[in-house]
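Presented below is the structure to which this report refers.
As a basis for the values below, the full set of heavy atoms in this structure was taken, side chains included, without hydrogen atoms, waters or symmetry mates. Chain letters run A, B, ... following the sequence lines, proteins first and then strands; every chain starts at 1.
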Number of protein chains: 4
Amino acid sequence: MNPGPRISKDPEVRKEELIDAAEALFEEKGYDDTAVSDIVRKVGVAQGTFYLYFRSKEEVLEAFADRLVNEFTVKMREIEDDPGRNAMEKFVLITRASLSLTVGREKMTDLIHEERNAILHYKLEKRMLPSLINTFTRVIEQGNREGLFDVPYPREAAIAVLGISQQFGEGTSDHTMKSIVMESLERILDIIERVLGAKKGTFLDHYKELGR
Amino acid sequence: MNPGPRISKDPEVRKEELIDAAEALFEEKGYDDTAVSDIVRKVGVAQGTFYLYFRSKEEVLEAFADRLVNEFTVKMREIEDDPGRNAMEKFVLITRASLSLTVGREKMTDLIHEERNAILHYKLEKRMLPSLINTFTRVIEQGNREGLFDVPYPREAAIAVLGISQQFGEGTSDHTMKSIVMESLERILDIIERVLGAKKGTFLDHYKELGR
Amino acid sequence: MNPGPRISKDPEVRKEELIDAAEALFEEKGYDDTAVSDIVRKVGVAQGTFYLYFRSKEEVLEAFADRLVNEFTVKMREIEDDPGRNAMEKFVLITRASLSLTVGREKMTDLIHEERNAILHYKLEKRMLPSLINTFTRVIEQGNREGLFDVPYPREAAIAVLGISQQFGEGTSDHTMKSIVMESLERILDIIERVLGAKKGTFLDHYKELGR
Amino acid sequence: MNPGPRISKDPEVRKEELIDAAEALFEEKGYDDTAVSDIVRKVGVAQGTFYLYFRSKEEVLEAFADRLVNEFTVKMREIEDDPGRNAMEKFVLITRASLSLTVGREKMTDLIHEERNAILHYKLEKRMLPSLINTFTRVIEQGNREGLFDVPYPREAAIAVLGISQQFGEGTSDHTMKSIVMESLERILDIIERVLGAKKGTFLDHYKELGR
DNA sequence: CATGAATGAGGGTTCATTCAT
DNA sequence: TATGAATGAACCCTCATTCAT
């Protein structure tokens with residue numbers, strides 16, 4: 001009956017809060033199992049308020065995905081534009097970042113790989129891929145110039161490399177398989193060297209060097 | 001409207017009918033938007049009958065996926081075991097079959113790639129991948145023996161090639177892009193030749209030869 | 001048919017309305033045969049509104065039972081605390097009130113005794129008994145002090161008397177038997193007098209006096 | 001498709017098997033939660049077979065209740081007709097038997113008292129009560145003749161005593177309370193002695209004497 | 001007597017979205 | 001901008017019972 005205290009906030013802030021809550025809940029229970037009522041409860045706001053900021057439930061998902069993609073794109077750009085690294089180093093860094101996809105959000109990888117979050121996976125992939133491909137392409141071109149790679153079609157090679165890392169990364173959702181992947185890292189890198197026309201063994205050196 | 005005579009059938013047959021109907025509806029409207037009531041109406045059977053054969057709605061999806069995977073696996077095996085073809089030919093055939101994933105079910109590709117069917121995609125991929133990897137691996141080994149390929153780690157190469165074709169295939173869901181892909185086929189094959197250590201241009205020849 | 005204007009009400013009021021409707025329908029058709037859709041239709045409210053106030057159908061039953069028990073408990077307390085009556089008078093009043101259990105809800109007795117409402121019966125009995133026993137116990141103690149009763153173990157006597165009236169009351173569900181019970185009232189009271197150590201015939205006098 | 005081996009049995013035997021299975025399941029899960037399919041599965045018989053013996057699910061409940069009542073009635077009759085015992089002894093034996101109501105079926109008491117089995121409770125009570133009252137009445141009359149009791153209205157006294165023991169027994173469903181009840185046994189018996197006009201303490205002696 | 005596939009009404013519940021305040 | 005009560009469509013599933021064989 002009594003409206004309760006009406007707290008107005010900067011719309012941007014409110015919206016961000018809602019996306020934050022949504023993200024946390026999506027991680028916890030998945031998109032489908034997260035109710036709008038869950039989100040507003042977490043923020044401490046009325047049901048209707050949600051619809052002042054998003055036209056539908058799907059729109060938060062969209063907004064969340066956008067945010068994630070933006071962060072990711074920035075990260076990519078930073079690596080790409082780093083003048084102090086050669087193409088091979090950049091390549092390793094990008095691969096690593098894109099494999100985790102998380103940018104500090106460690107749970108995200110699991111989130112993405114859980115079956116019930118397939119849609120989210122799709123949304124993210126569709127949005128991230130273009131910038132990822134672009135970045136990869138440019139790094140490959142840099143590598144060509146540096147004489148490290150020998151790639152006639154950089155764009156296609158970029159796509160191929162992405163496909164390869166994704167395919168190997170897929171199995172990685174199971175934590176148990178991580179060590180196995182590590183074991184076969186050498187073999188995978190051998191393949192990538194072939195694709196990029198790099199000298200055998202050079203990638204592995206860089207991987208080791210860049211630690212972790 | 002009125003009951004009509006009660007028609008009993010061999011359970012196997014009934015079950016197949018239900019999966020058939022489910023498949024058609026999943027194609028048409030997606031899994032989530034297909035109601036159990038839709039399925040039974042299509043078969044002309046009572047609602048309860050459905051639950052005689054499946055414990056839940058998800059179980060038909062499972063059954064459908066299994067069926068698809070089985071058919072696919074058989075197809076793979078046939079190609080793999082064909083004594084009249086060399087590794088390169090088999091490779092082309094497998095790629096093509098796995099790209100369409102459909103085995104004659106033309107709409108299936110779309111079905112799988114529509115966002116709302118992401119879960120189905122996941123389910124299928126998870127199930128198909130192992131047999132696909134195995135087949136690819138053995139064909140690569142055959143290629144090694146035939147002197148067509150030069151692959152030190154056949155299994156990893158198989159996975160990589162799968163990743164590559166998947167990545168390129170992904171864009172293919174939009175019909176508009178098909179021609180673009182065709183254009184870049186040559187480039188893609190170049191990459192695959194590198195991965196498999198095949199002579200440049202040999203794949204393209206086989207692709208052309210095996211028509212389309 | 002068409003929506004009509006949306007009418008918001010004080011939640012307390014809405015909830016009460018729903019319980020009222022539920023009660024009426026439980027009386028009419030029993031708990032099992034009352035659908036949630038019946039209840040909301042009666043109130044003129046949407047199906048979902050019901051679940052704004054009760055988590056499940058059973059919860060209305062619970063709420064209804066609670067309400068009944070509360071009313072009943074208040075009634076008991078009033079009689080118990082009435083300073084103007086002696087123990088015997090109170091005893092008669094309590095017996096009567098507890099026999100009808102209805103507090104003005106005449107159909108309730110039938111409701112409770114119909115076989116299909118056995119669960120309701122159980123729920124009510126379990127909840128009412130404690131306060132009923134307490135009240136009876138205290139009245140018996142008062143009677144002891146007043147020299148009307150001679151009861152060594154008031155609590156046990158209270159329980160016993162309850163058992164007795166319940167057993168006789170049980171048959172009362174059939175209206176046809178009511179006269180028979182009346183006939184044997186004298187005999188029943190004789191027994192109760194024995195239990196309470198009251199003088200023979202005193203109860204009957206009070207029953208007549210307090211009319212009916 | 002193939003009918004499976006068709007095992008014919010003496011109808012009486014089959015029916016008994018079905019009631020047995022029903023009883024076990026009712027004990028385990030309650031009447032409502034026991035499906036006809038559960039029963040037939042337990043017996044290893046087809047769904048339709050059930051309906052050759054019972055017109056409905058409720059009819060097994062009925063049949064089961066009847067069987068229980070019959071056994072109980074026989075037990076009562078035996079005690080009642082025992083020429084070697086006086087009324088007080090018989091009284092104790094009957095009370096004990098009726099309290100357990102189980103006739104060797106130990107779980108039955110719990111079964112009856114669980115809320116979800118309220119209906120069964122009702123059915124049994126309704127059926128058992130008459131014979132129980134009759135037996136009690138005749139024993140009381142015997143007691144009158146033997147000079148042990150002094151009861152002007154045996155039938156009413158029988159009903160009263162039943163009510164008393166039922167009320168006390170009700171709490172007994174919780175195993176935890178059993179000891180408490182034992183403690184207050186003396187007090188309860190004091191009340192019963194009053195109702196039956198027996199000499200104070202005589203019941204307790206018989207209870208002790210008849211062991212347990 | 002027996003089978004077991006088929007029936008189909010029925011009901012509780014969820015939740016994204018709206019709207020009167 | 002905010003509230004939160006109200007909406008209502010939609011859906012999955014159970015299970016007692018029937019009936020063609």
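- When all heavy atoms of A:Ser56 and A:Phe50 are compared, the pair lying nearest together is O-CE2, 3.8 Å.
- A distance of 11.0 Å separates CD1 in B:Ile19 from CG in B:Leu68, rounded to the nearest 0.5 Å.
- With hydrogens and angles ignored, a donor-acceptor pair closer than 3.5 Å exists between the side chain of D:Gln47 and the base of F:dT17.
- Here the P atom of nucleotide E:dG12 and the CD atom of C:Glu58 are 12 Å apart, to the nearest Å.
- Comparing C:Lys57 and B:Val45 along DNA chain E, the residue whose closest nucleotide (by nearest heavy atom) sits nearer the 5' end is B:Val45.
- The CG atom of A:Asp38 sits 12 Å away from the C1' atom of E:dA16 (whole-angstrom rounding).
- Residue B:Phe50 contributes atom CZ, which lies 18 Å from atom C1' of E:dG10 at whole-angstrom precision.
- Between B:Leu52 atom CG and E:dG8 atom P the separation is 14 Å, expressed in whole Å.
- Phosphate contact (OP1/OP2 of F:dA6, side-chain N/O of C:Arg14, threshold under 4.0 Å): present.
- Contact between C:Met128 and C:Phe72 at its shortest, heavy atoms only, is SD-CD2, 3.7 Å.
- For the pair C:Asp38 and C:Lys29, the salt-bridge criterion is met [side-chain N within less than 4.0 Å of a carboxylate O].
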Check the interface with nucleotides 19-21 of chain F: list each N/O to N/O pair with the protein under 3.5 Å, or write none.
none

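- Proximity note for D:Ala46 (side chain, C-beta onward) versus E:dT7, F:dA5, E:dT3: the nearest is E:dT3.
- Smallest separation of non-hydrogen atoms from A:Leu18 and A:Val60: O-CG1, 4.5 Å.
- Among the heavy atoms of the strands, none lies under 4.0 Å from D:Phe54.
- Put simply, C:Thr49 has a side-chain N or O that comes within less than 4.0 Å of OP1 or OP2 on F:dT7.
- Helical stems of DNA chain E (runs of at least 3 Watson-Crick or G-U pairs, donor-acceptor distances under 3.5 Å) are listed by first residue: E:2-21 with F:2-21.
- Both A:Ser37 and D:Gly44 lie close to DNA chain E; mapped to their nearest nucleotides by heavy-atom distance, the more 5′-ward contact belongs to D:Gly44.
- We find that CG of C:Leu18 is positioned 10 Å from P of F:dT7, with the value rounded to whole Å.
- With both ends at atom P, the span from F:dT21 to E:dC1 equals 23 Å, rounded to whole Å.
- Atom CG of D:Asp32 is separated from atom P of F:dA16 by 9 Å (rounded to the nearest Å).
- When the C1' atom of F:dC11 is taken as reference, atom CZ of B:Arg41 falls 12 Å away, rounded to whole Å.
- Each of A:Arg67, A:Lys57, A:Arg127 was scored for a salt bridge (charged side-chain N to carboxylate O under 4.0 Å, His left out) with A:Glu62, with one residue passing: A:Arg127.
- Straight-line distance from the CG atom of A:Leu25 to the P atom of E:dA16: 12 Å, rounded to whole Å.
- Using a 4.0 Å cut-off between a side-chain N of Lys or Arg and a carboxylate O of Asp or Glu, B:Arg14 and B:Glu17 qualify as a salt bridge.
- Taking both residues in full, the closest heavy atoms of D:Val36 and D:Gln47 are given as CG1-NE2, 4.5 Å, listed atom of the first, atom of the second, then distance.
- The line from OG1 of B:Thr49 to NZ of B:Lys9 is 11.5 Å long, rounded to the nearest 0.5 Å.
- Across all non-hydrogen atoms, the minimal contact from C:Glu59 to C:Phe54 is OE1-CA, 3.6 Å.
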